[in-house]
Amino acid sequence: MNALNKKTIEDIDVKGKKVLARCDFNVPLKDGEITNDKRIVAALPTIKYLAENGAKVILCSHLGRPKGEYKPEFSLAPVAARLSEYLGKEVKLAEDENVVGENAKAMADALEDGDVMLLENVRYRKEETKNEENFSKELASLADIFVNDAFGTAHRAHCSTTGVAAYLPAVCGYLIQKEIEFMGGALAEPKRPLVAILGGAKVSDKIGVITNLLDKCDTLIIGGGMAYTFMKSLGYNIGTSLLEEEQVENAGKMMKDAEAKGVKFLIPVDNKVGKEYDENTEAMVVESSKIPDGWMGLDIGPKTQEIFSDAIKGAGTIIWNGPMGVSEWDNFAAGTIAVANAVAASGAISIVGGGDSVAAVTKLGYSDKMSHISTGGGASLEFLEGKELPGIVALNDKD
Ligand code: AMP
């Protein structure tokens with residue numbers, strides 16, 4: 001897959017065409033109210049571009065897990081209302097329990113150029129997550145063009161993300177385009193040195209990413225709970241720190257591979273350790289080779305902050321996924337904050353993904369200092385693993 005070569009909405013003529021746009025409107029709801037509409041806001045540039053260029057826009061998305069059945073509490077009605085507010089014109093919801101029903105068909109046929117409508121939750125249909133042909137064809141029958149702008153579900157081969165693309169010209173919207181440009185660009189032709197920073201709880205979640213990045217990056221920095229499995233592989237005592245015993249051998253192998261490939265591999269040299277897994281636990285700073293029994297590493301230490309920051313300073317491109325410690329707790333957030341500061345100050349092309357690292361960057365007010373904040377958790381990791389994302393593979397290549 002050459003993700004960088006995919007057609008975008010700007011490569012095709014949408015005027016007067018019915019455009020089915022798959023968005024990510026999987027917003028959090030409480031008592032039927034949207035509690036955070038950032039995904040709706042993120043989708044607006046693509047929707048506005050289509051409407052302003054004369055398309056008849058048919059939006060679709062999933063919301064939650066209705067498990068293939070009509071369940072009113074998973075209706076996209078609140079999303080239609082919020083979209084209407086943002087777009088300043090009514091976005092009607094086609095209230096069909098089977099998604100592509102009589103309402104959807106009649107409304108799609110009645111659309112004028114620039115109108116926008118929304119289909120019901122695609123996961124009301126059991127075929128959706130199985131990527132079954134009949135539902136993909138039904139979706140395709142509504143439109144002339146398919147636009148995928150839902151990066152968060154691009155790693156899933158579902159009818160509305162992948163299947164439908166077999167029956168229509170298929171291009172990406174701005175959100176997917178940006179993900180492809182930044183992540184695809186960073187992996188294919190990075191400005192060097194390429195520094196990858198990986199943290200978070202589990203080595204096993206990130207093995208694929210580490211393996212792929214070892215062939216691409218100049219420096220690999222490991223922090224967070226996953227670092228202790230690497231320390232263990234060096235024979236260190238890690239006390240009660242997070243450990244994935246079955247990954248110790250693998251961790252050692254990855255460090256050897258890095259050496260063989262000439263990749264600088266940095267793990268913490270010191271740590272802030274605590275007695276208990278508790279925000280206010282008694283804490284102290286110790287070197288990585290000297291973690292006492294009964295203590296657990298909950299953040300990187302000050303020397304490590306300096307070493308990591310120095311490595312980040314000279315970067316041309318930075319890929320960062322995962323916190324350096326339990327960053328949700330102020331007492332163990334310093335390492336993640338130091339890394340966020342270094343990334344923000346680096347002037348490098350910076351790509352941040354993963355809930356906790358993004359949260360740290362946002363909390364510090366650095367969102368604007370990052371070149372790209374990836375919107376898809378699982379999808380970003382699979383992209384960084386070098387996997388083909390079916391929702392992107394299915395799109396048409398540029399001529
Ligand atoms: P992930 O979802 O894999 O990016 O991991 C994020 C989670 O890792 C956060 O909830 C952190 O609290 C947790 N985490 C990071 N460092 C540590 C650590 N040293 N010990 C325990 N949990 C950690």
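One-based numbering, in listed order, for ligands and for the atoms of each.
Close approach of ligand 1 to G224 is summarised as follows: ligand atoms under 4.0 Å from at least one heavy atom of the residue are 16 (N), 19 (N). Near Y228, the atoms of ligand 1 lying under 4.0 angstrom from a non-hydrogen atom of the residue are 19 (N). Taking every non-hydrogen atom of K206 and a distance limit under 4.0 Å, the qualifying atoms of ligand 1 come out as 3 (O), 4 (O). Near G225, with a cut-off below 4.0 Å to any heavy atom, the atoms of ligand 1 are 15 (C), 16 (N), 17 (C), 18 (C), 19 (N).
In this structure, D397 does not pair ionically with K7, as no charged nitrogen and carboxylate oxygen lie closer than 4.0 Å. Between D115 and K89, none of the side-chain N atoms (NZ, or NE/NH1/NH2) sits under 4.0 Å from a carboxylate O, so this pair counts as no salt bridge. Here D96 does not pair with R125 in a salt bridge; the nearest charged N to carboxylate O distance is not below 4.0 Å.
Contacts between V326 and ligand 1 below 4.0 angstrom, taking non-hydrogen atoms only, involve backbone and side chain alike.
Summary of contacts: the protein heavy atom closest to atom 6 (C) of ligand 1 is D356 OD2, 3.2 Å. The nearest protein atom to atom 9 (C) of ligand 1, hydrogens excluded, is given as E328 OE2, 3.3 Å; this is a heavy-atom distance. In this structure, the protein non-hydrogen atom closest to atom 21 (C) of ligand 1 is L242 CD1, 3.6 Å.
The heavy-atom pair separating G322 from S357 by the smallest distance is N-OG, 2.9 Å.
Taking the salt bridge (charged side-chain N to carboxylate O under 4.0 Å, His left out) definition, one finds that E133 meets it with K137, sequence neighbours left out.
Distances from atom 19 (N) of ligand 1 to the heavy atoms of G325, G297, A201 put G297 nearest.
Taking 4.0 Å as the cut-off, M226 does not count as a neighbour of ligand 1 on heavy-atom distance.
Among the atoms of N321, none of the N or O lies under 3.5 angstrom from an N or O of ligand 1.
The one candidate from L242, I210, I267 that meets the side-chain contact (heavy atoms from CB on, under 4.5 Å) condition with M226 is I210.
The aromatic rings of F182 and H372 lie parallel to each other, with less than 30° between the two planes, well short of the 60° mark. Below 30°, between 30° and 60°, or above 60°: for Y277 and W329 the angle between ring planes is between 30° and 60°, a tilted geometry.
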